[in-house]
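Each ligand, and each atom within it, is numbered from 1 in the order the structure gives.
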Amino acid sequence: MCGIVGFIGDAKDANAVDIVIEGLKKLEYRGYDSSGIAIVEQNGQLVVRKKKGRISNLEEFIADENLRSGIGIGHTRWATHGEPSDANAHPHMDASGRIAIVHNGIVENYAELKKELIEEHGIEFRSETDTEVIAQLIGLYYDGDIEAAVHKAIERMTGAYSIGVICSEEPNKMVAYRKDSPLIVGLGSNCNFIASDIPALLRHVRQIYLIENNETVILTKNNVKILDSQLREVHRDVFNVTWDAEAAEKEGYDHFMLKEIHEQPKGIRETVTRRMDDDGNIVLDGINMTKEDLEKFDRVYIVACGTAYHAGLIGKFAIEKLAGISVEVDIASEFRYRDPFVNDRTLFIAISQSGETLDTLAALREAKQKGARILSVVNVVGSSVARESDDVFYTWAGPEIAVASTKAYTTQLVCMYLIGLYMGRTKGVLDDETYKKYVDGLLEMPEKVQEILRQENRIEALAKKLYKRNNVFFIGRGNDAAVSYEGSLKLKEISYINSFAIAAGELKHGTIALIEQDTLVVALATQDRLLDKMVSNIQECRTRGAYIVGIAKKGRDSVEEHSDDIIWIPECSDELSPLLTVIPLQLLSYFIAKLRGCDIDKPKNLAKSVTVE
Ligand code: AGP
């Protein structure tokens, strides 16, 4: 997600340019594709400098200008609307060049506001971003009172956003506002700060205000005023930061992986709700396939690597069931060398968190060269896979820092369901009742994931019983088989325990020979329609001495009866259960790896993006 930093003080004591850029560097861990800064120079001129790429590009760009100011805002951009570029980087200015803003979040109704600003007010936009709409709105309403102009603009907007605003007409004041995206205020001596996150300020202040939703902050160098949604001033207790810099980047979590596991309710919610119109209809931005296009396809491939491939396995079930078309799932490194059957009636779906995995990119290029329509599900805006696709469907998981993929996986699953629903509805093969069941089920998922996360201590206690194991089997049927592969990969890649996943029905065809006294078997048994058969498989393992950890929906006592430990997931449909079943597996792997003293965020031999063959 984007990073915001702001400073207001006295240019004689400190240069806002240095402080803001230093703060942006502390936010680099969040992932970004461009950065920028805005100041009001001492001659009253608003100056904005911004560059695509690393913050060092920005520093190089302004190196010879000797910019100095007592007020400044800065931004690291994680693109959501508009590819990474100098023009799309923040800060953005209004038409008059008097107002600059930085923004973290998404303005959902930016398109209609932009249309109004262009058609009714003749505004000429300089970028593709939703953020510039905010700047132009504030500029439109500005009549000498920047606070009032910000409030008028905010009244027009919907979405999730935190913003920082400065105005050359009022250089001794900074305005900030929070709605959903995080925002904090740092309290200094004869200076004050705003930021998205604590690390940006830690070098200067340890006393902060945590700003709450729908609150406005008015800052001068020696005063901070917080207003509630009714513009009444509110008191806020000071929060004293005791974390060190590294802990602050993880917002107090011990590892990025655990932080990102806990960000999944938000990632799922944002990936679903921002594609839902007021009537509950799914509106898939970035996908332009018509009914004719969809009916032309007689073959669908889902191609990916690792965790993304495991998401594709669920995508197969979802798209086949919802859109009534056969789907093949391939590991990218296999697809590209097996001379696959591809033509202009083929839909090729690439899934990639980074959008830079070479195997996936090469498979995409092979399919494209053979005439396929390319749809990609990607987390990094403007990445290679996204740029080379005909249609792109972004997961809104935000930057995933830990090598082990968690929130990207669950948001990829959401995209698989949404694509299936979109295709089925567009083709006219999906009845309204089924459509609504899925949509309602997806909307309930964030809270159900949160309910499992509240079991964290119980899962950590289970990890303490299991962390010394050296061989672990994951078994399941249907969707549970697909999730068991993901659970096995999570355990392998961060704890280095040898683990193996297999469709439970396949055990008797050889693998069960390995089951012996005390072999650890994690049995996923959430598919009601396959429950009896899964319980039989569990019994087969248990009679041979296996130690069973069962994962089941609440109330499925037959699973508990034949398990040594049980982790319950909330009630849900068989089809949507992967969104929940994977959570205990992520947590179990995390705590086992932690107990084994592993480098969880950066496991040995692994990279976050595998850009080589
Ligand atoms: C997942 O935990 C791994 N880090 C790895 O399997 C990853 O999913 C795979 O390399 C694909 O990466 P991508 O999604 O960025 O293409």
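- For E356, no heavy-atom contact with ligand 1 is shorter than 4.0 Å.
- The shortest contact between atom 7 (C) of ligand 1 and any protein heavy atom is with T307 N, 4.1 Å.
- In this pair, Y301 and F335 present their aromatic rings perpendicular. The plane angle is above 60°, beyond the 30 to 60° band.
- Within ligand 1, counting atoms from 1 as listed, the ones closer than 4.0 Å to a heavy atom of S405 are 1 (C), 2 (O).
- Ranking protein heavy atoms by distance to atom 14 (O) of ligand 1, first place goes to Q353 N, 2.7 Å.
- For atom 15 (O) of ligand 1, the closest non-hydrogen atom on the protein side is S354 OG, 2.7 Å.
- Of the protein's heavy atoms, E493 OE2, 2.4 Å lies nearest to atom 2 (O) of ligand 1.
- Close contacts of ligand 1 with A308, meaning ligand atoms under 4.0 Å from a residue heavy atom, involve 8 (O), 14 (O).
- In terms of protein heavy-atom proximity, atom 9 (C) of ligand 1 is closest to C305 O, 3.8 Å.
- At a threshold of 4.5 Å between non-hydrogen side-chain atoms, the residues L580 and M445 count as touching.
- With sequence neighbours excluded, the residues satisfying side chain to side chain contact (heavy atoms under 4.5 Å, CB included) with L358 are E613.
- Nearest protein neighbour of atom 10 (O) of ligand 1, counting heavy atoms only, is V610 CG2, 4.0 Å.
- Side-chain polar atoms of T271 and T411 form no donor-acceptor pair below 3.5 angstrom.
- Looking at heavy atoms from C-beta onward, T426 lies out of side-chain contact with M289 at the 4.5 angstrom threshold.
- Considering only non-hydrogen protein atoms, atom 16 (O) of ligand 1 sits nearest to T357 OG1, 2.5 Å.
- Atoms of ligand 1 lying under 4.0 Å from any heavy atom of A404, numbered from 1 in the order shown and given with element: 2 (O).
- Looking at V378 and Q353, their side chains never come closer than 4.5 Å, going by heavy atoms from C-beta outward.
- For atom 4 (N) of ligand 1, the closest non-hydrogen atom of the protein is V403 O, 2.7 Å.
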